[in-house]
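One structure is given here, and the rest of the page talks about it.
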Amino acid sequence: MNDCLRQATLEDAETLAALGRRTFYQTFVDFYSKATMERYLSDAFDLGRVQRELACPQSRFWLLEEAGRSETGEAGKEREGVAKGPVAVGYLKLNWGEAQTDLSEHNGLEIERICLLAEAQGRGLGKMLYDKAITEAREQARAFVWLGVWENNHPAIAFYRSRGFVEVGTHSFQMGDVVDRDLIMRRDL
């Protein structure tokens with residue numbers, strides 16, 4: 001399978017919005033009510049909002065696509081009338097400067113989102129997105145990278161700890177009527 005990681009453009013806004021909704025739903029559906037989930041998804045991944053984020057000069061999206069997949073996601077199988085081509089399976093969103101959501105130290109880079117479809121996990125694609133974030137931070141001569149991760153997302157926390165991140169604080173994450181606690185994790189470069 002050939003994977004392509006490319007910088008997203010405004011033309012990718014619909015794809016990013018749909019992918020964001022789908023990956024967030026897959027990851028967190030068991031933790032929130034249907035109404036809470038629907039409200040959050042419609043706001044956080046609103047097309048206009050994603051377009052504004054893409055246009056921000058202090059944010060960058062990287063889109064991960066797999067080549068040779070059909071519309072149904074089955075590699076190597078074609079359906080009549082459905083062309084095979086690249087299928088978006090994940091993305092990375094980075095922020096720096098004023099675009100950062102919490103920490104605002106000018107020499108840091110925020111990994112705001114690493115999104116990967118459930119069916120694409122377990123093949124090293126999340127690591128590919130993470131590695132791109134570190135490369136970007138180094139190319140921009142950032143002193144550190146940081147992110148927020150839900151305190152109950154133990155696999156993600158373990159992943160980040162294994163890569164040298166340490167907890168440096170917490171912040172609240174409003175999900176409808178629920179207020180969750182995110183860990184702020186940082187890795188010096």
Side-chain angles (χ1 to χ4, degrees), residues 2-17 19-20 23-24 27 44-67 86 88-117 120-151 153-174 180-189:
N2 292 330
D3 302 313
C4 173
L5 184 58
R6 65 174 177 81
Q7 188 172 340
T9 67
L10 278 171
E11 288 75 34
D12 297 309
E14 286 184 39
T15 298
L16 291 167
L19 195 55
T23 57
F24 193 91
T27 304
F45 301 105
D46 171 74
L47 181 58
R49 181 177 182 161
V50 173
Q51 290 170 330
R52 287 187 300 278
E53 291 173 354
L54 275 163
C56 177
Q58 294 180 328
S59 294
R60 188 165 296 142
F61 287 79
W62 291 90
L63 186 61
L64 178 60
E65 297 172 317
E66 286 186 338
V89 296
Y91 74 88
L92 167 69
K93 182 181 182 212
L94 305 173
N95 300 315
W96 57 91
E98 297 300 315
Q100 294 177 90
T101 60
D102 204 314
L103 300 181
S104 58
E105 297 176 45
H106 72 282
N107 58 346
L109 181 130
E110 175 189 17
I111 302 172
E112 184 178 350
R113 291 195 186 109
I114 293 181
C115 300
L116 192 60
L117 292 174
Q121 294 177 8
R123 299 194 317 251
L125 299 176
K127 183 182 179 309
M128 179 189 297
L129 293 168
Y130 169 79
D131 289 345
K132 184 61 180 176
I134 299 303
T135 298
E136 275 283 315
R138 288 187 171 132
E139 287 175 356
Q140 292 184 25
R142 301 290 168 186
F144 65 94
V145 293
W146 72 273
L147 52 84
V149 59
W150 183 37
E151 68 182 338
N153 190 343
H154 302 293
I157 293 168
F159 176 86
Y160 295 124
R161 282 185 179 147
S162 74
R163 280 149 181 83
F165 280 80
V166 295
E167 295 169 32
V168 295
T170 62
H171 71 174
S172 296
F173 181 82
Q174 187 79 34
D180 287 322
R181 188 173 81 118
D182 281 359
L183 304 178
I184 303 297
M185 301 184 78
R186 172 181 166 146
R187 175 187 165 191
D188 292 331
L189 298 176

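Predicted, not measured: the structure shown is a model, and the values here were computed from it.
- Between the CZ atom of Arg187 and the OH atom of Tyr160 there is a distance of 12.5 Å, given to the nearest 0.5 Å.
- Scanning all heavy atoms of the two residues, the minimum distance from Ala88 to Thr15 falls at CB-CG2, 3.5 Å.
- The shortest side-chain heavy-atom distance between Asn107 and Phe144 falls under the 4.5 Å cut-off.
- By the 6.0 Å contact criterion, CD on Glu151 is enclosed, its count of non-hydrogen atoms from other residues, nucleotides or ligands being greater than 12.
- You'll find the side chain of Leu94 reaches within 4.5 Å of the side chain of Ile111, heavy atoms only.
- Among Leu116, Leu117, Leu19, Leu92, the one residue that satisfies the side chain to side chain contact (heavy atoms under 4.5 Å, CB included) test with Leu64 is Leu116.
- In this structure, Leu147 and Ile114 have side chains that are not in contact, with every pair of non-hydrogen atoms separated by 4.5 Å or more.
- A side-chain donor-acceptor contact under 3.5 Å links Glu110 and Thr101.
- Expressed to the nearest 0.5 Å, how far CG of Leu63 lies from CG of Leu5 amounts to 8.0 Å.
- For the pair Cys115 and Leu129, the tightest heavy-atom approach, listed with the atom from each and the gap, is O-CD1, 3.8 Å.
- One distance of note links CZ of Arg49 with CG of Leu54; it measures 12.5 Å at 0.5 Å rounding.
- Looking only at side-chain heavy atoms (C-beta outward), Phe61 and Leu16 come within less than 4.5 Å of each other.
- Within the model, atoms CZ of Arg123 and CD of Gln121 stand 9.5 Å from one another, a figure rounded to the nearest 0.5 Å.
- Of all heavy-atom pairs between Ala17 and Phe45, the closest is CB-O, 3.3 Å.
- Contact detail for Glu66 and Leu125: the closest heavy-atom pair is OE2-CD1, 3.5 Å.
- By the neighbour-count criterion of 12 heavy atoms within 6.0 Å, atom CD of Glu14 is sparsely surrounded, having that number or fewer from other residues, nucleotides or ligands.
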Exercise. Asp102 and Trp146: side chain to side chain contact (heavy atoms under 4.5 Å, CB included), yes or no, with the steps?
Worked result: CA-CA 10 Å; Asp102 204 314; Trp146 72 273; 3.4 Å; yes
For this session: Please step through side chain to side chain contact (heavy atoms under 4.5 Å, CB included) for the pair Thr23 and Arg113, ending with a clear verdict.
Result: CA-CA 11 Å; Thr23 57; Arg113 291 195 186 109; over 6 Å; no
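- Across all their heavy atoms, Leu189 and Ala137 have their closest contact at CD1-CB, 3.4 Å.
- Considering only heavy atoms from C-beta on, Phe165 stays 4.5 Å or farther from Ile157 through its side chain.
- The side-chain heavy atoms of Arg161 and Met185, taken from C-beta on, include a pair separated by under 4.5 Å.
- Between the NZ atom of Lys93 and the CZ atom of Arg60 there is a distance of 13.0 Å, given to the nearest 0.5 Å.
- One finds the CD atom of Glu167 at 11.5 Å from the CG atom of Asp182 (value rounded to the nearest 0.5 Å).
- Note that Arg163 lies in the cation-pi zone of Phe159, set by a 6.0 Å cut-off to the ring centre and a 45° limit from the axis.
- Side-chain contact between Gln58 and Asn95: absent, with no pair of heavy atoms (C-beta onward) separated by less than 4.5 Å.
- Smallest separation of non-hydrogen atoms from Gln51 and Ala13: CG-CB, 3.6 Å.
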